[in-house]
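Let me begin by presenting the structure, written as C-alpha cells, before commenting on it.
We name chains A, B, ... by the order of the sequence lines, and we start the count at 1 in each one.
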There are 2 protein chains.
Amino acid sequence: MPSINVEDYLKHIYYLQEEGDAVTTSSLAGQLNIAAASVTDMVKKLSGQHYLRHLPYRGVQLTEKGRRSALKIIRKHRLWEMFLSEVLHFGWDEIDEEAEKFEHIMSDKMEERIDEVLGFPRVDPHGDPIPAKNGTVKNIRAFPLSDAPEGNSVRVLRVNDANPELLQYVSSIGLSLNKRLSVKQRIKFDKSLIIKIGSKEIAISTVVAENIFVESV
Amino acid sequence: MPSINVEDYLKHIYYLQEEGDAVTTSSLAGQLNIAAASVTDMVKKLSGQHYLRHLPYRGVQLTEKGRRSALKIIRKHRLWEMFLSEVLHFGWDEIDEEAEKFEHIMSDKMEERIDEVLGFPRVDPHGDPIPAKNGTVKNIRAFPLSDAPEGNSVRVLRVNDANPELLQYVSSIGLSLNKRLSVKQRIKFDKSLIIKIGSKEIAISTVVAENIFVESV
DNA sequence: CTAAAAATTTAGGCTTACCTAAATTAATAA
DNA sequence: TTATTAATTTAGGTAAGCCTAAATTTTTAG
C-alpha cells in the first residue's frame, strides 16, 4: 500500500499528465508545494517501486501500476466530494479541500457504501468523471468556453475545481453544471466574453472562460 | 495542533484514566501497540508541551490542556461512529475501526455539519457519551451486568466497544442499547449468568457480562 | 556557437516517531 | 531486609520526507 505522501505524488502526476503538460520536477514541486530537490528524491523512490518511469532531467511518466494507484485515489476523492455535496450539502467550492485528506483513509468498504448511497454516480459535483473500479475513466468531450465561437449555444459540462473562489464566482453569476448559455460577443483586445444566461447578459474574463468547459448544443 | 500520533496518545491516556487505571508507560504501550521505550520518549515530549504531567517511573496524568485535546478527538470519533451507523448503516461492530482514522482529519466544519444532521446526539451507538464542544462529558451511571444481583431487572445503557466480536455476539443474542433484561440466576463457580431477554433465557459468561453496562429499572 | 540563466540533481542535514539493547529504578518474594 | 523480577528510562539507531546549498545538466539569448 502506498503511503499518503506517495498517493499525493501519484495523484498530482496523473493530473498533470491528464492536462497534457510535461510532468517535470518543478511542475510537481509546484503542485505539491515542496522543494524540487525533495521531489527528485521521491521520484527516484517511486521509480524504484515501478510507479513511474523517470528520465533524469526530462520528467516522469506513470506506469500502469502508477496509473491504477492514482485512479483509486481519485475515485475516492470524487466519490467523497459527491457525498459531501449531495448528502451533507457542502458547496462545490468547499468539497475539494475537505476531500484532500479523506481520500487517503477511506476504506474500500466505505467507498462501496458511499457509491451505493449515491446511486453509482459517473461525475463529481464539478463535472469531473469518477473513475470506475476497474480503472476506466470516461473522458468528457468538452472544450473551454474561451474557445467557443461568437453566437454559439453551449451547455456547461465541467468547471475546473482548482480554485474555490472561481467556483464561488461561477455560482454567483448563476452558472452551474448543465446550465445553458450562449456567447453573445467576443471582445478581441482582452479576449473577454459577453455571455447570456437565461435572460441576463454577463461579461466574463478569459481566466474565467478558460476554466469553464462546455459542449455545443 | 497536535499531530495524529499525539492525538492517539492523548485519547488513549484519557480512556485509561477514565477506567480508573493508573496510566503507566506499559499500559499505554499496550494500548498503542508500541514499545515502552517509545512511549517514554513521547511522554517526555508531551510533558514538555504541557499536555500531561509525568512522574518518572510512576505514570502520567493529563493536564486540562491534554484533557481538552483528548475530548475533541473523542467527540469527533463518536460523532463519526454515529454517522456511520445512522446514515450509512454500518454495524456497531464495524464503526470503531472506521472512525480510528477519520477522527484525526475531520474538520470542525464537518463536525458541526454531522452533529446537525444527526440531531445533536448525546451518545454514540455503543452508549458512550459524546463530549460536548465545551469539554463537558455526561457521565453515564451504569454498572456492569456482572454486578447485577439475581432477580434484578435492568436496561442496557452501554456496551464496551473494544472488541468487535463481543459486539457481534451481543447482537446475536438479541441484545442492543436500551433493551431490557433480567438476571435469572448467578452461577457461583464460574460467575456466569442466566439472563432473560423477552421470553428467551440465555447463559452468558462473566467476560460478556463485565462488558455490558446497565441501569436498574 | 557560446555564455548566462534556469532546471535538476547531489550532498549533507533535520524532525518525527518508531525500534532494540543496556542501564536504572521500583516492586515482590523469600 | 535483601535478592530477584518487573517496569521504566537511557543510549544509540532507523526510515520517511522534508529542507538548503552546491554541483551539474539543459535551455535560452545574444
Side-chain angles (χ1 to χ4, degrees), chain A residues 1-14 16-17 19-62 65-66 69-70 73 100-101 103-105, chain B residues 1-14 16-17 19-62 65-66 69-70 73 100-101 103-105:
Chain A
M1 266 250 133
S3 72
I4 290 177
N5 299 283
V6 167
E7 288 183 344
D8 272 332
Y9 274 83
L10 297 176
K11 182 180 69 169
H12 279 110
I13 294 168
Y14 181 91
L16 288 171
Q17 249 177 217
E19 284 170 31
D21 306 352
V23 185
T24 62
T25 301
S26 50
S27 63
L28 251 180
Q31 291 294 309
L32 293 163
N33 248 295
I34 274 174
S38 307
V39 172
T40 301
D41 277 357
M42 180 63 103
V43 152
K44 284 200 290 192
K45 203 179 87 178
L46 296 184
S47 168
Q49 294 169 205
H50 309 291
Y51 282 113
L52 49 79
R53 276 175 287 275
H54 180 211
L55 281 161
Y57 294 100
R58 299 270 126 183
V60 301
Q61 200 183 5
L62 290 179
K65 177 184 176 187
S69 298
I73 303 306
E100 279 310 310
K101 289 191 174 153
E103 64 191 11
H104 304 295
I105 63 158
Chain B
M1 264 250 133
S3 74
I4 290 176
N5 300 283
V6 167
E7 289 182 343
D8 272 332
Y9 273 84
L10 297 176
K11 182 180 70 167
H12 279 109
I13 294 169
Y14 182 92
L16 287 171
Q17 250 177 217
E19 283 172 31
D21 306 353
V23 186
T24 62
T25 301
S26 50
S27 64
L28 252 180
Q31 290 294 309
L32 294 161
N33 249 295
I34 274 175
S38 307
V39 172
T40 301
D41 277 355
M42 180 62 103
V43 152
K44 285 201 289 193
K45 204 180 87 177
L46 297 184
S47 168
Q49 294 169 205
H50 309 292
Y51 283 113
L52 50 78
R53 275 177 287 276
H54 180 210
L55 280 162
Y57 294 103
R58 300 270 126 181
V60 301
Q61 201 183 4
L62 291 180
K65 177 184 176 187
S69 298
I73 304 307
E100 279 312 309
K101 290 191 174 155
E103 64 190 12
H104 304 295
I105 63 159

OP1, OP2 of [N] versus side-chain N and O of [X]: anything below 4.0 Å?
{"X": "Ser3(B)", "N": "dT16(C)", "result": "no"}
{"X": "His54(B)", "N": "dT8(D)", "result": "no"}
{"X": "Thr40(B)", "N": "dT9(D)", "result": "yes"}
{"X": "Arg58(B)", "N": "dA27(C)", "result": "yes"}

What nucleotide, of [options], holds the atom closest to the side chain of [X]?
{"X": "Asn5(B)", "options": "dC18(D), dC18(C), dT9(D)", "value": "dC18(C)"}
{"X": "Ser38(A)", "options": "dC18(C), dC19(D), dG17(D)", "value": "dC19(D)"}
{"X": "Ile34(B)", "options": "dT8(D), dT9(D), dC19(C)", "value": "dC19(C)"}

With distance as the sole test, does [X] use its side chain to make a donor-acceptor pair with the main-chain N or O of [Y] at under 3.5 Å?
{"X": "Lys101(A)", "Y": "His104(B)", "answer": "no"}
{"X": "Gln17(A)", "Y": "Leu62(A)", "answer": "yes"}
{"X": "Lys45(B)", "Y": "Val6(B)", "answer": "no"}

His54(A) versus Leu46(A): any side-chain heavy-atom pair under 4.5 Å?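 The answer is no; the side chains never approach within 4.5 Å.
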Provide, to the nearest angstrom, the distance between the [atom1] atom belonging to [X] and the [atom2] atom belonging to [N].
{"X": "His12(B)", "N": "dA17(C)", "atom1": "NE2", "atom2": "P", "answer": "16 Å"}
{"X": "Gln49(A)", "N": "dA15(D)", "atom1": "CD", "atom2": "P", "answer": "14 Å"}
{"X": "Leu28(A)", "N": "dT9(C)", "atom1": "CG", "atom2": "P", "answer": "11 Å"}
{"X": "Leu55(B)", "N": "dT9(D)", "atom1": "CG", "atom2": "C1'", "answer": "14 Å"}
{"X": "Ile4(A)", "N": "dG17(D)", "atom1": "CD1", "atom2": "C1'", "answer": "13 Å"}
{"X": "Leu32(B)", "N": "dC19(C)", "atom1": "CG", "atom2": "C1'", "answer": "15 Å"}

Assign Ser26(A) to base, sugar-phosphate, or nothing according to its heavy-atom contacts below 4.0 angstrom with the strands shown.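 Sugar-phosphate contact only.
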So Thr25(A), base contact, sugar-phosphate only, or nothing? Heavy-atom distance under 4.0 Å.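 Sugar-phosphate contact only.
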Taking for each residue the nucleotide of DNA chain D with the nearest heavy atom, is it Tyr57(A) or Lys45(A) whose nucleotide lies nearer the 5' end?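 Its nearest nucleotide lies further toward 5', so the answer is Lys45(A).
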Euclidean distance, Ser38(B) OG relative to Tyr9(B) OH, rounded to 0.5 Å: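 The OG atom of Ser38(B) is 6.0 Å from OH of Tyr9(B), to the nearest 0.5 Å.
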Should the side chain of Asp41(B) and the base of dC18(C) be counted as holding a donor-acceptor pair, with the cut-off at 3.5 Å?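 Flag set: donor-acceptor pair detected.
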